[in-house]
Amino acid sequence: MARPVSIAIVGAGMGGLAAAAALRRVGIDVNVYEQAAQFARIGAGIQIGCNATKVLRELGLESRLRAQSFYPRSWNNRDWRTGAVKFDMIFGESAEQRFGAPYLLAHRGDLHAALASTVPDECIRLNHRLVGLEEINDGVRLAFANGATAVADAVVGADGVHSVVRDMLFGVSPVNYTGRIAYRTTYPAALLGGQQIDDCTKWWGEDRHIVIYYVKPDRSEIYLVTSQPEPEFRIESWSAKGDVGELRSAFTGFDRQVETVLAACPDVHKWAIVDRESLARWADRNVTLLGDACHPMTPYMAQGAAMAIEDAAVLSRCLDGIDRDGIANAFRRFEASRVGRTTRVQQTSRANIWLKEKTDTDWVYGYDAWTVPLAA
């Protein structure tokens with residue numbers, strides 16, 4: 001029997017791990033290379049849209065995520081000062097029936113750990129920072145900063161907005177600083193002293209907003225994330241600390257719930273929100289990009305990870321049954337199948353009007369990456 005196709009995935013984030021799990025389902029030999037020395041449970045929340053949950057269900061993760069995540073009544077959008085409802089996007093059981101899967105609010109670390117559990121430990125190589133990529137007769141050779149090398153039939157660059165694979169394929173290009181920053185943190189809801197908050201709310205200000213929601217099924221942990229102008233700030237690290245006092249000052253006068261949550265907030269992280277222009281193409285022969293490496297998303301639709309997770313499912317379908325000679329065509333089919341949707345989500349997110357008023361959400365949450373027709 002012919003040996004299975006082998007694929008090296010660069011990056012063990014949400015998209016890279018989802019791709020590894022999905023590709024293993026169709027018999028592909030996968031290794032994932034991650035530059036970090038260990039996985040860290042960063043204090044951040046994540047919204048798992050119905051469209052993403054449908055992918056995760058087929059990867060065997062739905063029950064685990066339901067048990068670990070919060071099941072919100074709605075995503076409520078309110079005026080920053082009065083708290084008046086602008087649009088209440090109802091989730092819960094009605095949305096689950098409508099879109100075919102639940103909408104869940106989770107700790108980012110819980111989703112990442114769930115995805116990591118679908119990939120055997122021996123397939124994940126930590127402390128492997130990519131420094132070289134070369135197409136050879138036997139496939140693609142990867143070189144790493146630690147001196148290791150590897151050869152695979154193909155490579156998937158799932159290494160985020162600062163993708164090294166992208167730079168190697170298409171040249172280095174700068175990220176676009178949006179002139180906006182975000183504060184974010186998770187903390188125990190017990191610090192609220194018994195005061196109640198809504199399940200999930202976005203307060204829309206004139207030039208800033210804040211989103212607050214629970215990330216545990218027992219409402220024991222809450223998450224907040226903001227966006228506001230600060231053109232000179234350029235630090236993108238997820239571990240950079242922010243000043244809680246500055247955060248509170250930035251949202252003075254906001255609705256009482258916001259002030260309650262910020263008053264109890266013990267500390268925050270702060271990072272610059274960046275963006276990139278879309279690529280003209282995602283692949284070069286037997287190397288392709290996935291997720292933020294090829295279609296980076298601003299956070300305003302809570303769909304960045306979902307798009308990478310969808311990518312993983314569609315990529316696995318395009319590669320199902322393909323031999324080495326068919327990889328390049330499969331990568332082109334993957335791009336053709338995904339580029340229209342990811343471009344639309346990318347542009348909609350940049351506009352930052354998602355759910356601000358009554359919104360058609362069917363095209364986002366109703367999408368099923370396992371059944372959507374593939375490009376010819």
Side-chain angles (χ1 to χ4, degrees), residues 1-33 51-62 100-101 115-120 122-125 133 135-142 150-159 165 169 279 281-291 293-295 306-342 367-376:
M1 291 181 62
R3 67 170 176 81
V5 169
S6 63
I7 292 184
I9 298 173
V10 179
M14 305 298 186
L17 292 175
L23 292 174
R24 283 173 50 81
R25 287 177 76 249
V26 297
I28 291 174
D29 183 17
V30 173
N31 283 296
V32 184
Y33 299 92
N51 50 311
T53 309
K54 279 178 269 195
V55 176
L56 299 169
R57 172 184 291 156
E58 294 302 314
L59 300 182
L61 296 175
E62 182 178 2
L115 285 166
S117 75
T118 66
V119 184
E122 61 268 23
C123 295
I124 301 176
R125 315 296 171 86
L133 204 60
E135 296 234 17
I136 58 176
N137 289 336
D138 294 336
V140 186
R141 178 186 287 124
L142 302 90
V151 175
D153 294 325
V155 172
V156 174
D159 48 345
V165 178
L169 289 186
L279 286 174
R281 58 194 178 102
W282 298 356
D284 184 10
R285 290 174 290 182
N286 280 21
V287 182
T288 192
L289 303 173
L290 176 150
C294 52
H295 49 70
M307 290 301 104
I309 290 168
E310 287 182 1
D311 281 352
V314 174
L315 179 63
S316 73
R317 292 173 61 201
C318 292
L319 286 165
D320 190 5
I322 295 295
D323 60 19
R324 285 187 59 201
D325 294 336
I327 291 172
N329 283 335
F331 282 172
R332 285 192 288 269
R333 189 183 194 194
F334 161 63
E335 177 186 332
S337 299
R338 290 291 294 158
V339 68
R341 175 167 173 82
T342 58
Y367 182 96
D368 189 338
W370 297 115
T371 61
V372 66
L374 299 176

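Quick note: numbers below take in every heavy atom, side chains included, and nothing from hydrogens, waters or symmetry partners. All residue numbers refer to positions in the sequence shown, counting from 1.
- The two residues T288 and A283 make their nearest non-hydrogen contact at OG1-CB, 3.7 Å.
- Looking only at side-chain heavy atoms (C-beta outward), L133 and L142 come within less than 4.5 Å of each other.
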Could you walk me through whether C294 and L279 pass side-chain contact (heavy atoms from CB on, under 4.5 Å), step by step? CA-CA 6 Å; C294 52; L279 286 174; 4.2 Å; yes
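- Side-chain contact annotation: N286 with E135, donor-acceptor N/O pair under 3.5 Å absent.
- Residue L17 comes nearest to T118 through the heavy atom pair O-OG1, 4.4 Å, listed as atom of the first residue, atom of the second, then distance.
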Apply side-chain contact (heavy atoms from CB on, under 4.5 Å) to residues L56 and E62 and explain how you reach the verdict. CA-CA 6 Å; L56 299 169; E62 182 178 2; 6.0 Å; no
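- Between V5 and I322 there is no side-chain heavy-atom pair separated by less than 4.5 Å.
- Here the side chains of V314 and R341 are not in contact, with every heavy-atom distance at 4.5 Å or above.
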Test log, rule side-chain contact (heavy atoms from CB on, under 4.5 Å), inputs H295 and V339: CA-CA 8 Å; H295 49 70; V339 68; over 6 Å; no
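- Residue R3 forms a salt bridge (charged side-chain N to carboxylate O under 4.0 Å, His left out) with just one option from D138, D153, D29, and that option is D153.
- For D323 (side chain) and G326 (main-chain N/O), a donor-acceptor pair under 3.5 Å exists by modelled atom type.
- Distance check, rounded to the nearest 0.5 Å: CG of L289 to CZ of R281 gives 10.0 Å.
- With L290 as the partner, the side-chain contact (heavy atoms from CB on, under 4.5 Å) test is satisfied by one option alone out of V165, D311, I9, D159: D311.
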Donor-acceptor pairs are to be reported for all side-chain atoms of residues 369-376 against protein atoms at under 3.5 Å, with residues two or more places apart or in another chain.
unit_1 : atom_1 : unit_2 : atom_2 : d
W370   : NE1    : K54    : O      : 3.2

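- Across all non-hydrogen atoms, the minimal contact from S6 to A152 is OG-CA, 3.5 Å.
- Here CD of E58 is found 12.0 Å from OG1 of T53. Values are rounded to the nearest 0.5 Å.
- Taking Y33 as the reference, H128, F144 meet the ring pair (Phe, Tyr, Trp, His ring centres under 6.0 Å) condition, with sequence neighbours excluded.
- Note: D320 CG to R25 CZ = 9.0 Å, rounded to the nearest 0.5 Å.
- By the 4.0 Å N-to-carboxylate-O rule, E310 lies close enough to R338 to be salt-bridged with it.
- Summarising the geometry, atom CG belonging to N31 is positioned 10.0 Å from atom CD1 belonging to I124; distances are rounded to the nearest 0.5 Å.
- Contact record, G15 with A308: CA-CB, 3.7 Å, taken as the closest heavy-atom pair.
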side-chain contact (heavy atoms from CB on, under 4.5 Å) assessment of R317 paired with S337: CA-CA 11 Å; R317 292 173 61 201; S337 299; over 6 Å; no
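- Of all heavy-atom pairs between V119 and A21, the closest is CG2-N, 4.1 Å.
- Residues W282 and L169 come closest through the heavy atom pair O-CD1, 4.3 Å.
- Remark: L23 CG to L319 CG distance equals 6.0 Å, nearest 0.5 Å.
- With salt bridges taken as basic N to acidic carboxylate O contacts below 4.0 Å, none links D368 and R57.
- Taking CG from L315 and CD1 from I28, the interatomic distance works out to 7.5 Å, rounded to the nearest 0.5 Å.
- Environment of CZ in R125: crowded, with over 12 heavy atoms of neighbouring residues, nucleotides or ligands closer than 6.0 Å.
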